[in-house]
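To start, the structure itself, in structure tokens.
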Amino acid sequence: MAKIHDRVDANSDGATTPARSLDFIRTIVTEDLRTNKWGGRVQTRFPPEPNGYLHIGHAKSICLNFGIAKQFGGMCNLRFDDTNPTAEEEEYVQSIQHDVKWLGWDWEDRLYFASDYFEQMYQWAVELIKKEKAYVCDLRADETSQHRGTLTKQGNDSPYRNRTAAENLDLFERMRKGEFSDGAKTLRAKIDMAHANMNMRDPVMYRILHATHHNTGDKWCIYPMYDWAHGLEDSIEGITHSICTLEFEDHRPLYDWFIDAINEGRGPGSPQGEKVHHPQQIEFARLELTYTVMSKRKLLELVKGKYVNGWDDPRLPTISGLRRRGVPPEAIREFCDRIGVAKFNSTIDVQLLEHCIRDYLNKTAMRVMAVLRPLKVIIDNYPGGQVEELDAINNPEDASMGTRKVPFSQVLYIERDDFREDPPKQFFRLAPGREVRLRYGYFITCKSVVKDPKTGEVTELHCTYDPATRGGDSPDGRKVKATLHWVSASHAVQVEVRLYDHLFSKENPNETPDGGDWKSNLNPNSLDSLIPAYIEPSVASAAPGSRYQFERVGYFCVDLDSTIGKLVFNRIVTLKDTWAKIEKKQG
RNA sequence: UGGCCUGUGGUGCAAUUGGCAGCACGUCUGACUCUGGAUCAGAAGGUUCCAGGUUCGAUUCCUGGCAGGCCAGCCA
């Protein structure tokens, strides 16, 4: 038996990447295929509850489920696990579908809702009652909790545990009809109140909720609990591998118990019918990332508390936030591929995500020159009214992206950071008396510095250029240590640039001085808006969503807030900055 | 005096099922360069949680510890 060493990646280029060993889930799938456990089928599902926006942690699960299906010739369903009408909304149903699609996955015609299975689930519940495996309990929520016991003390049986099947059938039917108020009764599985696994202490299967459901409206007033519903949903859809996160590990015995309970008495020739499909639940560790939070509750708090500007705030790890920031879906998929799948609770360094983003954008993003913090440069010996159109390469990694023209004239802007009146060691850029190259332009030498007499701030530089260096090459072969980006002052387009940094200033935002709130770790400088910044005219009519590399600065994306004549750019990620590192070390 | 799961360089994952512990990100050197980008070459970094045991040989198997995660919703 040959172990599978090659796998096909979901990369857009369709290339087969070299062997990466199989993670433990793919190992299980491979083995199941080998033993023909499921008749050659691989059927997975992504089962979100529509009660919030998806985040990059969900992307891990999405890529896992859809990725495995794709890799092994199976299928993956999108299924909304909508069993709690009090938390769920249509808005989330829409956003989730949008996000999964945007990430590049396709559920084809397999869009399902748990709520579409409610009638079947009800019928199975009736069967369990008949088998005396479920009963209607009149205990209130707090009483149920009292009876449950604790982690170290066993629970006590409900006084309603021994009702007859006939009585339970009647009561359950009346629960459905709406004869009882919210919380008055539940349907519970009759398992073992002394079980060491709390989940097995007669878990609630149905609760009464007189609430309008986004999908079924007012048809139901009893709703199935997760444990009862989830395995049945999987069973109905013929799921082979039901992949979920670690916290469901000790729900697995219950997952199995419910399906086994339905199957008891079923089989070939049985009046009850054939056995129902019994999928295998497999649990993996959810994704955590440094410098951010991933819990739905905390994300919701940040949005509702206006700590950020909505679910798609580019600082959020939500899919919509990443999308708005400009992160390409291909980079997210690559990231999910690289982080692996295991059962250990770990936190991935956000730098890996950033690496994946740079890696993709380096190959695909058009290069452009933009000056974020402008400093005026006047080329004293350049003819006043002259304008030259200089050739610039759109992407040195991809010649097919061609070239463009960039206007050059006497008055330019360069980056403030690219000039130092008193340059420190290893600072290669412009300084008084020093010569540097303007990218695709000319060599220039700084001749004098003009300052604001009051503040001492440098307001403009006077330079000279060497006409022989047009295009950036020196015929005499002399070298310069730096190449600066620039824009022509009279041609540049004024834009807004939003610089984003980590949302939190601590690697682990949950780490607080005792009693402290996690929100005290919010980074006060996570958003810096630069107005005006100047960009070369070639991008004047760029459409929202377009991504560029601003040479020597970083990758940027045209924001949704942009209007005609007023472009807004989001910084997706910086370029690696060696000088910043040196400077930091120098203090 | 509960149950289940997990411990491998800084971080995240591997190790052909018992054979000299590898890869990626990060870090540090150097080369090259019209982006201090990209690329290339190289380096540092491990008591594989600990202690016993089995074995010629243990990250892998056994026993016992220790540490961390999850579980007491009519949430998922």
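In what follows, chains are A, B, ... by sequence order, proteins preceding strands, each numbered from 1.
Between the side chain of A:Glu397 and the base of B:G37 there is at least one donor-acceptor pair of N/O atoms closer than 3.5 Å. Checked by distance alone, A:Arg552 brings no side-chain donor or acceptor within 3.5 Å of a matching partner on the base of B:G36. At a cut-off of 3.5 angstrom, counting only N and O atoms as typed in the model, there is no donor on one side facing an acceptor on the other between the side-chain of A:Asp577 and the base of B:G36. Taking 3.5 Å as the limit, the base of B:U35 and the side chain of A:Gln549 contain a donor-acceptor pair of atoms between them.
Between A:Ser346 and B:U11 there is no side-chain N or O to OP1 or OP2 distance below 4.0 Å. Considering only side-chain N and O atoms, A:His355 lies under 4.0 angstrom from the phosphate OP1 or OP2 of B:C25. A:Arg207 has a side-chain polar atom (N or O) that falls below the 4.0 Å cut-off from OP1 or OP2 of B:C75. Listed pair A:Lys581 / B:C28 meets the phosphate criterion, a side-chain N or O lying under 4.0 Å from OP1 or OP2. Close to B:C74, at under 4.0 Å from its OP1 or OP2, lies a side-chain N or O of A:Arg148. Between A:Thr144 and B:G73 there is no side-chain polar atom (N or O) within less than 4.0 angstrom of OP1 or OP2.
By the 6.0 Å and 45° rule, A:Arg176 stacks over the aromatic ring of A:Tyr122.
Spacing of C1' atoms, B:G45 relative to B:U27, comes out at 9 Å, to the nearest Å. Separation of the P atoms belonging to B:A15 and B:G3 is 30 Å when rounded to the nearest angstrom. Rounded to a whole angstrom, the distance from the P atom of B:A58 to that of B:C49 is 15 Å. Separating the C1' atom of B:G22 from that of B:A14 is a span of 7 Å, rounded to the nearest Å. Rounded to whole Å, the P atom of B:C62 lies 29 Å from the corresponding atom of B:C23. Straight-line distance between the C1' atoms of B:U16 and B:U1: roughly 45 Å, to the nearest whole Å. On the P atoms, B:G18 is 11 Å away from B:U60, given to the nearest whole Å.
Contact record, A:Val136 with A:Leu171: CG2-CB, 3.8 Å, taken as the closest heavy-atom pair.
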| field | Pairing annotation in dot-bracket form, given for RNA chain B with Watson-Crick or G-U pairs under 3.5 Å and | for cross-strand partners | value | .((((((..((((.....[..)))).(((((.......))))).....(((((..]....))))))))))).....
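A:Tyr555 and A:Glu354 form no side-chain donor-acceptor contact under 3.5 Å, judged by distance and modelled atom types alone.
Residue A:Gln426 is classed as a base contact, given a heavy-atom separation below 4.0 Å to a base. A:Arg201 comes within contact range of no nucleotide atom at all, as no heavy-atom separation falls under 4.0 Å. Residue-level contact check: A:Arg188 touches neither bases nor backbone, having no heavy atom under 4.0 Å from any strand. Within the nucleic acid shown, A:Pro396 comes within 4.0 Å of at least one base atom, counting heavy atoms only.
Of the possible polar contacts, one joining the A:Trp486 side chain to the A:Arg439 backbone as a donor-acceptor pair under 3.5 Å is found.
When the nearest nucleotides of RNA chain B are assigned to A:Gln351 and A:Glu88 by heavy-atom distance, the more 5′-ward of the two goes with A:Gln351. Where A:Glu247 and A:Leu575 meet RNA chain B, the nucleotide closest to each residue was compared, and A:Leu575 sits on the side nearer the 5' end.
For B:G7, the base is not stacked against the aromatic ring of A:Phe344, per a cut-off of 5.5 Å between centres and 30° between planes.
The aromatic rings of A:Tyr548 and A:Phe569 lie perpendicular to each other, with more than 60° between the two planes, well past the 30° mark. Between A:Tyr413 and A:Tyr534, the angle of the ring planes stays under 30°, which puts this pair in the parallel group of the 30/60° scheme.
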